[in-house]
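Counting convention: from 1, in listed order, for ligands and their atoms alike. Note that the coordinates shown come from a computational prediction; the quantities given were computed from them, not determined experimentally.
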Amino acid sequence: MHQVTLIPGDGIGPEITAAMKRVVEATGVDIAWDVQEAGEAVMESEGTPLPDRVIDSIKRNKVAIKGPITTPVGTGFRSINVALRKALDLYINLRPAKTYGADRYGQMPDARPIDIVIFRENTEDLYAGIEFEAGSDDAAKLRSCLAELGGKVRDDAAISIKPISEFGTRRIVRAAFEYALANGRKKVTCVHKANIMKHTDGLFLQIAREIAEEYAEHGIEFEDAIVDAACMRLVMDPSQFDVMVMANLYGDILSDVCAGLVGGLGIAPGANIGDNEALFEPVHGSAPKRAGQGIANPTALILSSAMMLRHLGESEAAASIENAVADVITKRETVTYDLGGKASTEEYADAIIAAL
Ligand code: NAD
């Protein structure tokens, strides 16, 4: 039996989690779910949106799956999702984007299937949240340091810092190449803006080029692409990409672009992986407008559970879930509103279970 931490999340989280649990259980894989609530719901009773018991449970079980958790915009507590990745040093954010029959490209002449895997660095970059409020004493101190170093910043500016380290870059780029090697992938594309951010993105690119040389003898091709051009190429012809590796913020944005290419956020799964623990979750958020209606698409979380099963060594069950998803989406008889259907979350889960 596998022990797995289950964080239902909020918004549409509990609804899609219930559907995902039924699908996993229908595969016959024996899982003991260690349910841990987090987010705004526990803020009042426990004084924090991320109690230590949640982290302790993931450390104990090594594997977790979660629904989305709302982050207040502008004010309030910082993202629980980011805090979890930081607390467990889950430095790989792996986000596959694959054609399951829901993409519009499939309807275009000459369209080839999309099968992209994004490796997003998960701990550094502007996403690390090192920020200084406009008008604060800290921003003033930083501004004067910057002035001494020759950097000019306006008095009324808020400031954000973009750390990119050699250590952080090496481990994510190596993870991308190791994945390519283990999964018979042909090409790794490094996405960056090194023409403008010469020291941060420049370092990322330099290390990627260096590591690429080691893998050239294994037949893995390497290319680099400036982030804006990469976005254009993705929209024009996504099938030209294979494995992609990039810093945190570009990965956040490009993985939503890729989700859109294959049919939307409702079907985009993901994993956060460190040296000791792995946390599986959809790319999408808590979709507050859809919460409580029983209509959200649970596919992203269901495909995340397939990634989790593969990580647990249950490859057959993982493949059967992926095949069932492809089956149900291609038929389009029982799909949720975002894929043009009328099925509820539960009816869709029933269709997946029937197709298993
Ligand atoms: P969102 O992903 O929740 O929603 C974007 C759009 O996609 C909405 O129109 C929504 O209805 C739709 N959508 C998303 N998931 C869907 C699904 N499964 N089925 C059908 N439609 C779906 O993004 P947002 O509105 O920017 O964010 C809402 C909240 O979620 C914010 O508080 C944000 O911080 C949080 N968030 C959490 C995570 C996470 O838990 N890892 C990730 C992203 C955003």
Side-chain angles (χ1 to χ4, degrees), residues 5-20 23 36-43 49-50 54 58 64-88 90 93-95 97 100 102 118 120 122 127 129 248-249 251-273 278-305 307 325 328-329 334-349 352:
T5 301
L6 174 65
I7 305 169
D10 54 31
I12 58 169
E15 300 159 45
I16 59 173
T17 301
M20 176 278 292
V23 170
Q36 298 287 336
E37 301 288 345
E40 205 154 24
V42 303
M43 182 85 186
L50 184 57
V54 181
I58 302 175
I65 185 159
K66 72 178 271 295
I69 299 179
T70 306
T71 308
V73 175
T75 55
F77 57 82
R78 283 188 178 274
S79 165
I80 309 301
N81 313 302
V82 175
L84 272 170
R85 294 167 198 164
K86 271 192 195 164
L88 298 165
L90 304 174
N93 190 193
L94 197 165
R95 291 182 160 181
Y100 277 100
I118 289 188
R120 164 191 178 193
N122 224 4
Y127 227 88
N248 209 335
L249 186 59
D252 181 47
I253 298 166
L254 263 66
S255 52
D256 268 36
V257 172
C258 287
L261 294 173
V262 295
L265 280 172
I267 64 168
N272 302 283
I273 302 170
L279 169 69
F280 298 82
E281 64 175 339
V283 171
H284 66 72
S286 55
K289 271 195 230 153
R290 310 291 181 185
Q293 300 169 39
I295 58 164
N297 187 350
T299 308
L301 187 60
I302 291 172
L303 289 174
S304 302
S305 76
M307 292 171 76
V325 166
V328 172
I329 291 183
T334 317
V335 290
T336 45
Y337 78 92
D338 55 316
L339 299 181
K342 289 201 170 86
S344 68
T345 309
E346 287 304 320
E347 285 164 348
Y348 175 81
I352 300 287

Item to check | Numbering as shown, the atoms of ligand 1 that approach Arg290 to under 4.0 Å (heavy-atom distance) | outcome: 11 (O)

Checklist outcome for this item: The protein heavy atom nearest to atom 41 (N) of ligand 1 is Glu281 OE1, 3.1 Å

Checklist outcome for this item: protein heavy-atom neighbour closest to atom 20 (C) of ligand 1 works out as Tyr337 OH, 3.1 Å

Checklist entry - Which atoms of ligand 1 have any heavy atom of Thr70 under 4.0 Å away? => result 32 (O)

Item to check | Residue and atom name of the nearest protein heavy atom (relative to atom 10 (C) of ligand 1), distance in Å to one decimal | outcome: Ala287 CB, 3.7 Å

Next on the checklist: So, taking the atom named OG in Ser79 and the one named CZ in Arg85, what distance separates them when rounded to the nearest 0.5 Å?
Outcome noted: 6.5 Å

Next on the checklist: Test side chain to side chain contact (heavy atoms under 4.5 Å, CB included) on Lys66 and Asn81; report intermediate values, then the result.
Outcome noted: CA-CA 9 Å; Lys66 72 178 271 295; Asn81 313 302; 2.5 Å; yes

Next on the checklist: I need the atoms of ligand 1 closer than 4.0 Å to a non-hydrogen atom of Asn81, numbered in the order shown.
Outcome noted: 37 (C), 38 (C), 39 (C), 40 (O), 41 (N)

Checklist entry - Yes or no on side chain to side chain contact (heavy atoms under 4.5 Å, CB included) for Ile80 and Thr71, after CA distance, side-chain angles and deciding distance? => result CA-CA 7 Å; Ile80 309 301; Thr71 308; 6.0 Å; no

Next on the checklist: Please report the interatomic distance CD(Glu15) to OG1(Thr345), rounded to the nearest 0.5 Å.
Outcome noted: 5.5 Å

Checklist entry - For atom 32 (O) of ligand 1, what is the nearest protein heavy atom, given as residue, atom name and distance? => result Thr71 N, 2.8 Å

Next on the checklist: Please report the interatomic distance CG(Asp252) to CD1(Ile118), rounded to the nearest 0.5 Å.
Outcome noted: 10.0 Å

Checklist entry - Who's the nearest protein heavy-atom neighbour of atom 30 (O) of ligand 1, and how far? => result Ser286 N, 3.0 Å

Item to check | Euclidean distance, His284 NE2 relative to Asp256 CG, rounded to 0.5 Å | outcome: 11.0 Å

Checklist outcome for this item: atom 2 (O) of ligand 1 has as its nearest protein heavy atom Gly285 N, 2.7 Å

Item to check | Main-chain N/O of Thr336 paired to Asn297 side chain as donor or acceptor, under 3.5 Å | outcome: no

Checklist outcome for this item: Of all protein heavy atoms, the one nearest atom 15 (N) of ligand 1 is His284 CG, 3.2 Å

Next on the checklist: Before you tell me yes or no, could you show the steps for Asn272 and Leu88 under side chain to side chain contact (heavy atoms under 4.5 Å, CB included), namely the whole-Å CA-CA distance, both residues' side-chain angles and the distance that decides it to 0.1 Å?
Outcome noted: CA-CA 10 Å; Asn272 302 283; Leu88 298 165; over 6 Å; no

Checklist entry - Under the side chain to side chain contact (heavy atoms under 4.5 Å, CB included) criterion, do Leu339 and Ile267 qualify, and how do the steps go? => result CA-CA 9 Å; Leu339 299 181; Ile267 64 168; 4.2 Å; yes

Checklist entry - What atoms in ligand 1 come closer than 4.0 Å to a heavy atom of Asn297? => result 17 (C), 18 (N), 19 (N), 20 (C)

Next on the checklist: Using a plain distance cutoff, I'd like to know if Asp338 has any nitrogen or oxygen under 3.5 Å from a nitrogen or oxygen of ligand 1.
Outcome noted: no

Item to check | ligand 1 atoms in contact with Ile12 (distance to a heavy atom under 4.0 Å) | outcome: 17 (C), 18 (N)

Next on the checklist: What I want to know is whether Leu265 and ligand 1 share at least one N or O pair that is separated by under 3.5 angstrom.
Outcome noted: no

Checklist entry - Who's the nearest protein heavy-atom neighbour of atom 25 (O) of ligand 1, and how far? => result Pro288 CD, 4.5 Å

Checklist entry - Checking side-chain hydrogen bond (donor to acceptor under 3.5 Å, both in side chains) against Tyr337, which of Arg290, Lys342, Gln293 comes through? => result Arg290

Item to check | Sub-4.5 Å side-chain heavy-atom contact between Leu84 and Ile58 | outcome: yes

Next on the checklist: What I want to know is whether Ile69 and ligand 1 share at least one N or O pair that is separated by under 3.5 angstrom.
Outcome noted: yes

Item to check | Subset of ligand 1 atoms that lie under 4.0 Å from at least one heavy atom of Pro68 | outcome: 40 (O)

